[in-house]
Amino acid sequence: MLSELQKDLATYGGNRWAPGYRVMRVYRFGNWRYEIKNPLLRKPFSLLYKYLYRKIIEKTGIELPCEARVGQNFRIDHQSGIVVSGFTEIGDNCVIRNGVTIGLKNTDVLKAPKIGNNVDIGTGAKILGDITIGDNVHIGANAVVLIDIPSNSLAVGTPARIIPKENKA
C-alpha cells in the first residue's frame, strides 16, 4: 500500500492536500483492508474505511469506492460531483475532472464501463453501461457516452459521437 501511495503522491506533484490524492489515500486503505484474511481482525478496519469514505465524500464530493479498479497514475484533476461505480475498471494514466459520472446504465445490469489507458475525461462527462473505452481516448466536456469508443478517438456530444483522431506522423 505504501508504494502505491508514493506513486499516487508523485501523480499529484507531491501535493498531499490535493483532493484527488486524499481520495486515493482512502481508496488504497479500503483495498488494503481486504488483505486482512481474518474477518474479525478486518472488521474494525472495514468500519474505519466506511467512516473515512463518507467523510471524504463530504469534504471533496468525490465517490471512488475501493471496489472500483484504477490503474497507475490515475488522477482526479478537480473535485466535486464525481461518481465512480464500484464495478468500474479504469486503466493507467487516466484523468477525470469535476462532474464526471462513470457507472451503471440501469440497476438491473450490474456492469459498468471498462476504460483503457491514457483516457482523458472532460468536465461533466457521463459514461454509462457495459461499454468499453479504448486506449488514447479523449472524452469531451458534457459528453454522454453509452456506446463503445475505439482506441485513438474523440467522443463528443450528447449522445456522444465518435471522431477518429488524425494520425500525425
Which donor-acceptor pairs under 3.5 Å do the side chains of residues 9-20 make with protein atoms, sequence neighbours left out?
from: T11; atom 1: OG1; to: K7; atom 2: O; distance (Å): 3.0
from: T11; atom 1: OG1; to: N73; atom 2: OD1; distance (Å): 3.1
from: Y12; atom 1: OH; to: I76; atom 2: N; distance (Å): 2.8
from: N15; atom 1: OD1; to: W17; atom 2: N; distance (Å): 2.9
from: N15; atom 1: OD1; to: A18; atom 2: N; distance (Å): 3.3

Nearest-0.5 Å distance, CD1 of residue I82 to CG of residue D77: 9.0 Å
Sole residue of V145, I96, L128, V83 in side-chain contact (heavy atoms from CB on, under 4.5 Å) with I102: I96
Option passing side-chain contact (heavy atoms from CB on, under 4.5 Å) with D8 (candidates R75, R28, Q72, R25): R28
Polar contact flag, side-chain donor to acceptor under 3.5 angstrom, E67-Y27: no
Polar side chain donor-acceptor pair, N136 to N118, under 3.5 angstrom: yes
Any chain of hydrophobic side-chain contacts (each under 4.5 Å) joining [X] to [Y]?
X: V109; Y: V144; value: no
X: I163; Y: I121; value: no
X: I131; Y: V156; value: no
X: Y49; Y: L47; value: no
X: L52; Y: V23; value: yes

Any non-hydrogen side-chain atom of [X] less than 4.5 Å from a side-chain atom of [Y]?
X: R97; Y: D120; value: yes
X: I139; Y: I127; value: yes
X: S85; Y: T88; value: yes
X: L64; Y: F74; value: yes
X: M24; Y: V70; value: yes
X: C66; Y: Y34; value: yes
X: L104; Y: L110; value: yes

Which pair of heavy atoms, one from [X] and one from [Y], lies closest together, and at what distance?
X: F29; Y: L48; value: CZ-CD2, 3.8 Å
X: V84; Y: A68; value: CG1-CB, 4.2 Å
X: A155; Y: A143; value: O-CB, 3.9 Å
X: G30; Y: R33; value: O-CG, 3.0 Å
X: G122; Y: V100; value: O-CG2, 3.3 Å
X: G103; Y: P113; value: O-CD, 3.3 Å

With I36 via side-chain contact (heavy atoms from CB on, under 4.5 Å) - residues at least two apart: W32, L41, R42, F45
Donor-acceptor pair, side chain of T60 and main chain of I56, under 3.5 angstrom: yes
Step-by-step side-chain contact (heavy atoms from CB on, under 4.5 Å) determination, I90 to V119: CA-CA 9 Å; I90 300 175; V119 175; over 6 Å; no
Salt bridge (charged side-chain N to carboxylate O under 4.0 Å, His left out) against K59, all qualifying residues, sequence neighbours excluded: none
Full working for side-chain contact (heavy atoms from CB on, under 4.5 Å) between C94 and I115: CA-CA 9 Å; C94 292; I115 297 174; 4.3 Å; yes
Carboxylate-amine/guanidinium proximity below 4.0 Å for D130 and K105: no
Steps toward side-chain contact (heavy atoms from CB on, under 4.5 Å) verdict (H138, N152): CA-CA 8 Å; H138 284 79; N152 303 308; over 6 Å; no
